[in-house]
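The chains referred to below are lettered A, B, ... by the order of the sequence lines, with proteins before strands, and numbering in each begins at 1.
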2 protein chains.
Amino acid sequence: MGITKSEIFTSDQNEIATFAKVFGHPARVAILQHLFKINACVCGDLVSVIGLAQPTISQHLKELKNLELIKGTIEGTSVCYCIDKDNWLKMKSIMQTFLDQDYAESTTCC
Amino acid sequence: MGITKSEIFTSDQNEIATFAKVFGHPARVAILQHLFKINACVCGDLVSVIGLAQPTISQHLKELKNLELIKGTIEGTSVCYCIDKDNWLKMKSIMQTFLDQDYAESTTCC
DNA sequence: TCTATTAATCGTAATATTGCAATAAACAAA
DNA sequence: TTTGTTTATTGCAATATTACGATTAATAGA
């Protein structure tokens, strides 16, 4: 049905999935990598750097903004985007706990 | 169009997105958490633990198997699933490099 | 062999995602 | 005001994902 039954999962599981999902597209990975690399705020040049049409980039930026991983500041006619470092750290902590599950127990089976 | 233009991204970016995508559904997060928790191999009880129908669980398991994050061993009429720890570590290393980008540079802008 | 059990596959419906052309909105500068 | 620049939004087509009933395949045990 294309619809995820999120109500049967814990908020922890849904939160991990929500963050993971936004990283589940190479354009959003590329946007984040570029923002980290440039560091100084970046505006419309993301369109030329990434290589997708302007509305498509705008849509990906919106998804990253919805999770508050980036923030945009209006500067005249353009918008300056950068990583929201506080929220990045919060997200990182959640994802790292998930990735580090293998530390919790160490018995091997098959 | 629903089709990702993966050819315009680096293999690194595509790999990160591929792993992230498989974590982008709470059922697969829950399956992995359960496999880590039980540690001893788990078979069909995933269906009752997770709360989705058997074909749905089977489909999610298939996606996790495709990325070799889990492996299944046939035991009589049932299948014993567990984490593929070697590949989990490889995946973790890739994802952690992505998450730790914030360590690379530290200037703040907006 | 027949039956029960377990898991995979098929088929299908509902919904979500991706991408872009066209357009709108917001603003700076002439 | 008009023009140009930049970004967001709308609308739509193509494809992907999620979920499950029905079925199949494989095997264990009677």
## Note on the structure
Taking for B/Gln54 and for A/Thr4 the nucleotide of DNA chain C with the nearest heavy atom, the one nearer the 5' end belongs to B/Gln54
### Query
Start at the 5' end of DNA chain C and walk down; is the nucleotide closest to A/Ala53 or to A/Thr77 reached first?
A/Ala53
Tell me the interatomic distance from [X], atom [atom1], to [N], atom [atom2], rounded to whole angstroms.
X	N	atom1	atom2	value
A/Lys5	C/dA14	NZ	P	15 Å
A/Leu61	C/dG19	CG	P	13 Å
A/Ile74	C/dA25	CD1	P	15 Å
B/Asn66	D/dT17	CG	P	11 Å
A/His60	D/dT9	NE2	C1'	16 Å
B/Glu75	D/dA26	CD	P	19 Å
B/Ile70	C/dA8	CD1	P	9 Å
A/Phe9	D/dA19	CZ	C1'	11 Å

With respect to the side chain of [X], which nucleotide from [options] is positioned closest?
X	options	value
B/Ser78	C/dT6, D/dT9, C/dT17	C/dT6
B/Lys65	D/dC20, C/dC20, C/dA8	C/dA8
A/Pro55	D/dT9, D/dT17, C/dA7	D/dT9

### Message
Does a side-chain N or O of A/Lys21 approach OP1 or OP2 of C/dT17 to a distance below 4.0 Å, or not?
### Response
yes
#### Entry: N or O in side chain of B/Tyr81 less than 4.0 angstrom from C/dT6 OP1/OP2
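So the side chain of B/Tyr81 is outside the cut-off, no N or O lying under 4.0 Å from OP1 or OP2 of C/dT6.
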### Message
Tell me if the side-chain of B/Gln59 makes a donor-acceptor pair with the base of C/dC10, cut-off 3.5 Å, by modelled atom types.
### Response
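Counting by modelled atom types and ignoring angles, no donor-acceptor contact under 3.5 Å is found here.
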### Task
Return the minimal non-hydrogen interatomic distance between B/Asn14 and B/Phe9, and the atom names on each side.
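Of all heavy-atom pairs spanning B/Asn14 and B/Phe9, the closest is ND2-O, 3.5 Å.
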#### Entry: 5' precedence on DNA chain D between A/Ser58 and B/Glu63 (nearest-nucleotide basis)
A/Ser58
### Query
A/Thr56 or A/Ser6: which one's nearest nucleotide on DNA chain D is closer to the 5' end?
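Checking each residue's closest nucleotide, the 5'-ward one belongs to A/Thr56.
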### NZ/NE/NH1/NH2 to OD/OE distance under 4.0 Å, A/Asp84 and A/Lys65
no
### Message
Any non-hydrogen side-chain atom of B/Asp12 less than 4.5 Å from a side-chain atom of A/Gln33?
### Response
yes
#### Entry: Check: A/Leu99 main-chain N/O paired with B/Trp88 side-chain donor or acceptor under 3.5 Å
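It does hold such a pair.
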### Task
Measure up the A/Phe23 and B/Phe98 rings against each other and bin them: parallel (under 30°), tilted (30 to 60°), perpendicular (over 60°).
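Rings of A/Phe23 and B/Phe98: perpendicular, over 60°.
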### Message
Just to be sure I understand the rule, does A/Ile57 reach a base, reach only the sugar-phosphate, or reach nothing, if contact means heavy atoms closer than 4.0 Å?
### Response
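Since no nucleic acid heavy atom lies under 4.0 Å of A/Ile57, the category is nothing.
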### Sugar-phosphate, base or nothing in reach of A/Leu52, heavy atoms under 4.0 Å
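The answer is sugar-phosphate, as A/Leu52 gets under 4.0 Å only of primed atoms, P, OP1 or OP2.
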